[in-house]
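Input: a single structure, listed below in structure tokens.
Per chain, numbering begins at 1; letters A, B, ... match sequence-line order. What you see below is based on every heavy atom in this structure, not just the backbone, and it leaves out hydrogens, waters and symmetry mates. All values derive from a computational prediction rather than experimental measurement.
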Number of protein chains: 2
Amino acid sequence: MNEENKYEHTNRDKILACAQKLFYERGYDAVGVQEIVDAAGITKPTMYHYFKSKHGLLENLLDEYGNQFLGELEKEIEKDGSYEDVLRNFVYTYISVATKNKEFYLMAISLFSSARDNEAYIAAKPYLYKLLFVVQDFFRKNASKVERLVGKEDFLSISLTGVINYYLLVNFERGMSEEVLLEEHNIEDIVNQFV
Amino acid sequence: MNEENKYEHTNRDKILACAQKLFYERGYDAVGVQEIVDAAGITKPTMYHYFKSKHGLLENLLDEYGNQFLGELEKEIEKDGSYEDVLRNFVYTYISVATKNKEFYLMAISLFSSARDNEAYIAAKPYLYKLLFVVQDFFRKNASKVERLVGKEDFLSISLTGVINYYLLVNFERGMSEEVLLEEHNIEDIVNQFV
DNA sequence: TAATTAGTATACCAATCGGTATACTACTAT
DNA sequence: ATAGTAGTATACCGATTGGTATACTAATTA
């Protein structure tokens, strides 16, 4: 009945997009519901109709934006090639997807590092593990190609995720552009640490 | 007149200690001033007497606890030895100091990853850079011993900090103890990535 | 056509937010 | 002795917090 792209300009999507931007700029706790609905040009009951609470809004945000992010990373694991090649592609894709969704990505990193008993951390925790599992899957599939790395899959996934996250965090803070972040010598620096 | 350790049980220190604990548990924005002063067993005007605002409280907290943390790391840079030896000691000291001040350390990591325009991030930013500079100093002094690493000091410092931070974040989350975190094979895994 | 449902707004709630005006006490310095 | 200062409490401030009761409209379904 409706193949049209209605789904792009609904109030629900406007709320998600505005919440994402505000959470990125100032953080989940610092942004009030009123501010979100003002930015989206609607009123509170509309937000509480779609998402049952502020917490529910964050959960939906993480679910829709986050799984899209992880999906793109998972596709990269399927590909075949030498360890160094697939690693290089994986790192490139990770940074590429992260920079393309810079605001969501930084928001997610912030949530992953939030305080233990913070409401936002509790919502983000499953995705922190999902990301870790995706990177672990990558190493479980490919580390077997290099004897020295066998058995180190857990550490390697923590280490790679840590390096890339901090690399992006610091260099976004420095105002570095997507193109520079993806330059060959920068990718190569990261790759070289894992060969 | 007073060589005694008065300075450990003053209201000021009680406020700092309680704020640190609460910020660690639930985050700066999620914790109200009232809750802090209740935990410290005093009232608001006392807090506003010592620190001019909630923001000022955080600044003092970072200044006193943070500089102590960085000081212990800086001492390690002075020491001499082969690249691999000083690196191993540096990593060991970093993790050791971080685990001994686990609550403060996790709070700091959380602040470093906070949203750009968040009040807490603005207070933490100088210390994010200070930490980066300390690690950079380490590599500027020692990377010269290994030709392959010369010129990579900036990347190396980001990378090492990223690995250790994420290593501690994930393994604290997993409930891993200080002893395990400092086990030789775990330290060696990290060190091996930087030789 | 009648009944139901999804979506939205007006107007409100108690509770909490960060912060302060005022006044008191206890100590210090003159 | 007296003036000043540091520290502390009672009681309050306006603003904002997350959330909702009620009512309306527009579209769908029976």
Side-chain angles (χ1 to χ4, degrees), chain A residues 1-20 22-23 25-62 111 114-115 117-123, chain B residues 1-4 6-20 22-23 25-62 111 114-115 117-124:
Chain A
M1 203 182 262
N2 45 358
E3 342 272 306
E4 317 131 43
N5 52 346
K6 265 188 181 177
Y7 38 78
E8 287 218 293
H9 302 296
T10 66
N11 280 338
R12 184 174 184 281
D13 291 323
K14 267 192 272 182
I15 297 169
L16 281 175
C18 289
Q20 198 256 344
L22 287 166
F23 290 163
E25 286 172 354
R26 305 220 319 285
Y28 175 80
D29 287 314
V31 175
V33 174
Q34 189 62 53
E35 199 177 351
I36 297 169
V37 300
D38 284 349
I42 49 100
T43 57
K44 275 196 202 178
T46 303
M47 188 253 127
Y48 281 95
H49 169 74
Y50 288 114
F51 318 96
K52 288 171 308 184
S53 61
K54 191 190 178 188
H55 188 80
L57 169 58
L58 179 63
E59 279 180 338
N60 276 268
L61 189 53
L62 284 167
L111 295 176
S114 291
D117 300 336
N118 186 293
E119 197 180 87
Y121 178 73
I122 293 164
Chain B
M1 201 181 263
N2 46 356
E3 340 273 304
E4 318 132 42
K6 266 190 182 175
Y7 38 78
E8 287 216 294
H9 302 295
T10 66
N11 281 338
R12 184 174 185 281
D13 291 323
K14 266 191 271 181
I15 297 168
L16 281 175
C18 290
Q20 198 255 349
L22 287 166
F23 290 163
E25 287 172 353
R26 304 219 321 284
Y28 176 81
D29 286 313
V31 175
V33 174
Q34 189 63 53
E35 199 177 351
I36 297 168
V37 300
D38 283 350
I42 49 102
T43 56
K44 276 196 202 178
T46 302
M47 187 254 128
Y48 281 94
H49 169 74
Y50 288 114
F51 319 96
K52 288 171 309 184
S53 60
K54 190 190 179 188
H55 188 81
L57 170 58
L58 178 62
E59 279 179 338
N60 277 268
L61 190 52
L62 285 167
L111 295 176
S114 291
D117 301 336
N118 186 293
E119 196 180 87
Y121 178 73
I122 293 164

Option passing side-chain contact (heavy atoms from CB on, under 4.5 Å) with A:Asp13 (candidates A:Asn11, A:Ile15, A:Leu16)
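Between A:Asp13 and the candidates, side-chain contact (heavy atoms from CB on, under 4.5 Å) is satisfied uniquely by A:Leu16.
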Please round to 10 degrees the angle between the axis of the first five pairs and the axis of the last five pairs in the helix from C:dT1-D:dA30 to C:dT30-D:dA1.
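It works out to 10° between the end axes.
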Could you tell me if the side chain of [Y] sits less than 4.5 Å from the side chain of [X], heavy atoms only?
| X | Y | answer |
| --- | --- | --- |
| A:Phe51 | A:Leu58 | no |
| B:Tyr28 | A:Asp29 | no |
| B:Leu57 | B:Val33 | no |

In whole angstroms, how far is the [atom2] atom of [N] from the [atom1] atom of [X]?
| X | N | atom1 | atom2 | result |
| --- | --- | --- | --- | --- |
| B:Lys14 | D:dT8 | NZ | C1' | 12 Å |
| A:Lys52 | D:dG18 | NZ | P | 18 Å |
| A:His55 | D:dG19 | NE2 | C1' | 15 Å |
| A:Ile15 | C:dT8 | CD1 | P | 8 Å |
| A:Tyr48 | C:dA9 | OH | C1' | 16 Å |
| A:Asp38 | D:dT16 | CG | P | 11 Å |

Could you name each residue pair satisfying salt bridge (charged side-chain N to carboxylate O under 4.0 Å, His left out) that touches residues 33-49 of chain A, not counting sequence neighbours?
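Applying salt bridge (charged side-chain N to carboxylate O under 4.0 Å, His left out) to every pair that reaches into residues 33-49 of chain A, excluding sequence neighbours, yields A:Arg26-A:Glu35.
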Assign a letter to each nucleotide of nucleotides 10-17 of chain C from its 5' end: B, base within under 4.0 Å of a protein heavy atom; S, sugar-phosphate only; -, no contact.
B------S
Kindly write out the residues that satisfy side chain to side chain donor-acceptor pair (under 3.5 Å) with B:Gln20, not counting sequence neighbours, or none if the list is empty.
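So B:Gln20 forms no side chain to side chain donor-acceptor pair (under 3.5 Å) with any residue.
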Could you note down all residue pairs passing side-chain hydrogen bond (donor to acceptor under 3.5 Å, both in side chains) where residues 47-62 of chain B supplies at least one of them, sequence neighbours left out?
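Non-adjacent pairs meeting side-chain hydrogen bond (donor to acceptor under 3.5 Å, both in side chains): B:Arg12-B:Asn60, B:His55-B:Glu59.
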Review item, nucleotides 3-7 of chain C N/O atoms under 3.5 Å of protein N/O:
from: C:dG7; atom 1: OP2; to: A:His49; atom 2: NE2; distance (Å): 2.7

